[in-house]
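Some notes on the structure that comes next.
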Protein chains: 2
Amino acid sequence: MEDPCQAREVLGIVGDKWALLVVRMLKDGPRRFTELKRSIDGISQRMLTVTLRDLERDGILTRTVFAVMPPHVSYELTPMGRTLREATAPLLEWSITHLPLIAAARAEYDGR
Amino acid sequence: MEDPCQAREVLGIVGDKWALLVVRMLKDGPRRFTELKRSIDGISQRMLTVTLRDLERDGILTRTVFAVMPPHVSYELTPMGRTLREATAPLLEWSITHLPLIAAARAEYDGR
DNA sequence: CTGCATCCGTTCTGATACTG
DNA sequence: CAGTATCAGAACGGATGCAG
């Protein structure tokens, strides 16, 4: 974990605003497209599609199509995806707990 | 760590490509503007300036100006910034170790 | 249901030039 | 040294309509 240049490359992948949230939503098992769409507040259909395709391309998750009517597509973390999910958990937890502090710091900064 | 909506808010802050790298560069103590510019490969002066200002605004780091000639500005993590750095360490470590695997997955995907 | 294609306004970024 | 200002091109992101 010494090369900042490499870190930068991967942050371009996992540092995506939506990617980490998608990974998080898949932590308890496979989910369908519409389930993800509903549970990730504010994501558009387009962004979810793009994000899922990129994550599939990077080997973070798998996409399984069931040829039934109506169509049914399931997304699931790969083993590598699960290790990513573990690596991001601390950051997400930090985010939640520090949101009020950040908001306060920002308000004070803007007040000057 | 249950509200995905809140998580999304903070990811807009810390999920920034450059922000995590700046935080990482400050882990061993204060650094000057030019030091950061040199050590973060590929960042433009403008992006470093913007990133630093945002992180200062959010209470992640402090900016100290020494009124000497030539000018001297020092950036240092706040206590909150240090907890953020700890929370991001696993993700950065993951990034480094999995970069080859991601590249391989991507190459295979593109080959189809 | 699960997308893809297209349009189009907004935002981001780098390059460049200039300042205290 | 550490910025700010400006500009133009690139990338992002949402809305809409269509398809298997």
Side-chain angles (χ1 to χ4, degrees), chain A residues 4-5 8-22 25-26 29-58 60-77 109-110 112, chain B residues 4-5 7-9 11-22 25-26 29-58 60-76 106 109-110 112:
Chain A
C5 183
R8 182 180 147 232
E9 275 188 62
V10 183
L11 284 176
I13 301 166
V14 301
D16 179 74
K17 182 168 65 172
W18 301 118
L20 295 184
L21 293 175
V22 168
M25 291 314 302
L26 294 176
R31 290 288 181 274
R32 297 181 56 175
F33 185 88
T34 307
E35 285 183 286
L36 294 170
K37 175 85 172 60
R38 262 187 295 107
S39 56
I40 301 176
D41 185 63
I43 195 169
S44 67
Q45 185 181 56
R46 173 194 163 82
M47 282 302 99
L48 181 55
T49 300
V50 170
T51 301
L52 287 169
R53 181 156 16 87
D54 289 346
L55 289 175
E56 183 195 4
R57 180 171 177 248
D58 290 338
I60 305 298
L61 54 79
T62 58
R63 178 173 183 268
T64 308
V65 181
F66 297 90
V68 296
M69 194 60 190
H72 181 142
V73 181
S74 180
Y75 296 91
E76 183 170 18
L77 290 180
Y109 183 93
D110 291 344
R112 293 178 310 199
Chain B
C5 183
R8 184 178 146 228
E9 273 188 66
L11 283 176
I13 300 166
V14 302
D16 180 74
K17 181 170 66 173
W18 301 117
L20 294 184
L21 293 175
V22 168
M25 292 315 302
L26 293 176
R31 290 288 181 273
R32 299 181 55 173
F33 186 88
T34 306
E35 286 183 285
L36 294 171
K37 175 87 171 63
R38 259 188 296 107
S39 56
I40 300 177
D41 185 64
I43 194 169
S44 67
Q45 188 181 50
R46 173 195 162 81
M47 281 303 98
L48 180 56
T49 300
V50 170
T51 301
L52 287 170
R53 180 155 18 88
D54 288 346
L55 289 174
E56 183 196 4
R57 180 171 178 249
D58 290 338
I60 305 297
L61 54 77
T62 59
R63 177 174 183 268
T64 308
V65 180
F66 297 92
V68 296
M69 193 61 189
H72 182 143
V73 181
S74 180
Y75 295 91
E76 183 170 17
R106 189 176 288 193
Y109 183 93
D110 291 345
R112 294 179 307 200

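These numbers come from a predicted model, not from an experiment. So you know, we letter chains A, B, ... as the sequences are listed, proteins then strands, and number each from 1.
Counting to the nearest Å, the C1' atom of C:dG20 and the CZ atom of B:F66 are 18 Å from each other. Between the CG atom of B:L36 and the P atom of D:dC1 there is a distance of 13 Å, given to the nearest Å. The CE atom of B:M69 sits 15 Å away from the P atom of C:dT19 (whole-angstrom rounding). Computed from coordinates, the A:L48 CG to C:dC4 P distance equals 11 Å when rounded to whole Å. In this structure, A:M47 places its CE atom 13 Å from C1' of C:dT10, rounding to the nearest Å.
Between A:I60 and A:V22, every side-chain heavy-atom pair lies at or beyond the 4.5 Å cut-off.
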Would you tabulate the side-chain donor-acceptor contacts of residues 43-55 of chain B under 3.5 Å, counting partners in other chains and residues two or more places apart, or write 'none'?
{"residue": "B:S44", "atom": "OG", "partner": "B:M47", "partner atom": "N", "Å": "3.2"}
{"residue": "B:T49", "atom": "OG1", "partner": "B:Q45", "partner atom": "O", "Å": "2.9"}
{"residue": "B:T51", "atom": "OG1", "partner": "B:M47", "partner atom": "O", "Å": "2.7"}

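Checked against salt bridge (charged side-chain N to carboxylate O under 4.0 Å, His left out), B:R31 has no partners two or more places apart in sequence or in another chain. Here B:F66 pairs with B:H72 under the ring pair (Phe, Tyr, Trp, His ring centres under 6.0 Å) rule; sequence neighbours left out.
Atom CE in A:M25 sits 13.0 Å away from atom NZ in A:K37 (nearest 0.5 Å).
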request  = Under 3.5 Å for both distances, Watson-Crick or G-U wobble, that's the pair rule; now give the dot-bracket for DNA chain D, with | marking pairs to another strand and [ ] for crossing ones.
outcome  = ||||||||||||||||||||
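Residues A:E76 and A:P30 share a closest heavy-atom pair of OE2-CD, 3.8 Å.
Among residue pairs with one or both ends in residues 61-71 of chain A, those qualifying as side-chain hydrogen bond (donor to acceptor under 3.5 Å, both in side chains) are A:R63-A:Y75; sequence neighbours excluded.
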Grab the N/O contacts between the protein and nucleotides 2-10 of chain D below 3.5 Å, and write none if there aren't any.
{"residue": "D:dA2", "atom": "OP1", "partner": "B:R32", "partner atom": "NE", "Å": "3.0"}
{"residue": "D:dA2", "atom": "OP1", "partner": "B:R32", "partner atom": "NH2", "Å": "3.1"}
{"residue": "D:dA2", "atom": "OP1", "partner": "B:V73", "partner atom": "N", "Å": "3.4"}
{"residue": "D:dA2", "atom": "OP2", "partner": "B:T34", "partner atom": "N", "Å": "2.9"}
{"residue": "D:dA2", "atom": "OP2", "partner": "B:T34", "partner atom": "OG1", "Å": "2.2"}
{"residue": "D:dG3", "atom": "OP1", "partner": "B:R63", "partner atom": "NE", "Å": "3.2"}
{"residue": "D:dG3", "atom": "OP1", "partner": "B:R63", "partner atom": "NH2", "Å": "2.4"}
{"residue": "D:dG3", "atom": "OP2", "partner": "B:Y75", "partner atom": "OH", "Å": "2.4"}
{"residue": "D:dG3", "atom": "N7", "partner": "B:Q45", "partner atom": "OE1", "Å": "3.2"}
{"residue": "D:dG3", "atom": "N7", "partner": "B:Q45", "partner atom": "NE2", "Å": "2.5"}
{"residue": "D:dT4", "atom": "O4", "partner": "B:Q45", "partner atom": "OE1", "Å": "3.2"}

